[in-house]
J.: 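Let me give you the structure first, and then I'll get to my questions.
Convention: sequence-line order gives letters A, B, ...; per-chain numbering from 1. Everything quoted here is computed from the prediction, not taken from an experiment.
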2 protein chains.
Amino acid sequence: MANQIESLFQALADPTRRAVVEHLAQGPASVGTLHAPHAMALPTFLRHLKVLEDSGLVQSRKAGRVRTVQLRPGALAAAEDWLAAQRTVWDRRLDRLQTLAEHIELNDPTPE
Amino acid sequence: MANQIESLFQALADPTRRAVVEHLAQGPASVGTLHAPHAMALPTFLRHLKVLEDSGLVQSRKAGRVRTVQLRPGALAAAEDWLAAQRTVWDRRLDRLQTLAEHIELNDPTPE
DNA sequence: GATTTGGTTAGCCATAAGGCTAAGCAATCA
DNA sequence: TGATTGCTTAGCCTTATGGCTAACCAAATC
């Protein structure tokens with residue numbers, strides 16, 4: 001599951017792949033359709049799709065000679081959870097600092 | 001600020017860097033402290049810190065010979081927002097499909 | 001049944017990313 | 001002031017990543 005997060009962020013780190021995710025948020029699409037707006041060779045694009053699929057963000061199946069790709073519901077959850085978790089701890093800490101500052105006028109948060 | 005998202009996900013794509021973020025969520029720390037749990041040479045580790053700092057996730061300043069690093073509040077927001085946005089469109093779509101399915105008995109969208 | 005179409009596989013190339021050692025430098029400490 | 005500590009810089013190496021072309025295969029089409 002830690003490896004899940006790994007490949008998730010990895011997959012989302014590339015602009016082409018994020019664009020594909022955004023496109024797919026509107027609904028499933030064929031490889032060709034997804035490829036069209038991207039100025040790169042199909043094989044190159046296909047590898048991006050593979051990364052997305054390996055990360056679990058996307059799934060696809062082939063009907064005839066057309067492969068249709070769609071988002072996998074819930075796939076973003078892991079990433080969102082991680083981010084939320086960080087922010088939670090963090091915010092709580094900032095609250096504490098804030099409280100502290102109100103007491104001792106710490107206007108230059110020199111740490112540790 | 002699309003480039004913001006870019007470097008954000010990029011920064012979070014590496015396990016060492018995510019670990020540093022998790023560590024820093026507990027509070028600011030010196031370079032040495034942050035480095036300790038990681039089995040890699042300091043210079044290597046320093047470059048991870050640089051990536052984090054360049055992405056805006058982290059900031060640091062030097063007092064004497066010690067550099068202290070801390071999280072930048074709100075830095076994760078862009079990433080969270082992007083994820084939330086995708087999920088929103090997506091979920092709405094799935095709702096529509098659900099509705100559709102109730103009408104026409106589309107009971108197996110199972111791919112793979 | 002030949003040709004197009006949509007995707008796939010294989011292989012090559014250049015750059016980026018992540019790792020290392022060695023050496024340097026400024027602030028402390030003995 | 002000399003040694004130690006905490007980082008920093010420079011440079012090198014290896015692998016991963018993102019891009020390409022060429023050739024191929026199977027499903028539609030003509």
J.: Starting at atom CG of D14(A), determine the distance to atom P of dA16(D), rounded to an integer number of angstrom.
T.: 18 Å
J.: What donor-acceptor contacts under 3.5 angstrom involve side-chain atoms of residues 41-48 of chain B, with partners at least two apart or in another chain?
T.:
residue	atom	partner	partner atom	Å
H48(B)	ND1	R17(B)	NH1	3.1

J.: Could you check how far NZ of K50(A) sits from C1' of dG7(C), rounded to whole Å?
T.: 15 Å
J.: Taking atom C1' of dG18(C) as reference, at what distance in whole Å does atom CG of L12(B) sit?
T.: 17 Å
J.: Where the side chain of P43(A) is defined as all heavy atoms beyond and including C-beta, which of dA10(C), dA10(D), dC7(D) is the nearest nucleotide?
T.: dA10(C)
J.: Which of these nucleotides, dT9(C), dG7(C), dC20(C), is closest to any side-chain atom of R67(A)?
T.: dG7(C)
J.: In whole Å, I'd like the distance from the CZ atom of R61(A) to the P atom of dT8(C).
T.: 14 Å
J.: From the list dG6(D), dT9(D), dG19(C), which nucleotide is the closest neighbour of the side chain of M40(B)?
T.: dG19(C)
J.: Donor-acceptor pair, distance only, cut-off 3.5 Å: does the side chain of H35(B) make one with the backbone of M40(B)?
T.: yes
J.: Between H35(A) and dG6(C), does any side-chain N or O lie under 4.0 Å from OP1 or OP2?
T.: no
J.: Starting from C1' on dG7(C), measure out to CG on L34(A) and report it in whole angstrom.
T.: 13 Å
J.: In plain terms, say whether D14(A) and R18(A) are close enough for a salt bridge, that is, a side-chain N and a carboxylate O under 4.0 Å apart.
T.: no
J.: Ignoring backbone atoms, establish whether T44(B) has a side-chain N or O less than 4.0 Å from OP1 or OP2 of dC20(C).
T.: yes
J.: Name the residue closer to the 5' end of DNA chain D, choosing between R65(B) and A41(A) according to the nucleotide with the nearest heavy atom.
T.: R65(B)
J.: State, to 0.1 Å, how close E6(B) and A13(A) come at their nearest heavy-atom pair, and which atoms those are.
T.: OE2-O, 3.4 Å
J.: Over how many whole Å does the gap from L46(A) atom CG to dC24(D) atom C1' extend?
T.: 14 Å
J.: Rounded to the nearest 0.5 Å, what separates atom OG in S55(B) from atom CD1 in I5(B)?
T.: 11.5 Å
J.: Please state whether the phosphate of dT9(C), meaning OP1 or OP2, lies under 4.0 angstrom from any side-chain nitrogen or oxygen of R47(A).
T.: no
J.: At under 4.0 Å, does any side-chain N or O of H48(A) touch on OP1 or OP2 of dG19(D)?
T.: yes
J.: Tell me the interatomic distance from L42(B), atom CG, to dG18(C), atom C1', rounded to whole angstroms.
T.: 15 Å
J.: Can you tell me if the side-chain N/O atoms of Q10(B) get under 4.0 Å from OP1 or OP2 in dA16(C)?
T.: no
J.: Between atom CG in L49(A) and atom P in dT8(C), what is the gap in whole Å?
T.: 9 Å
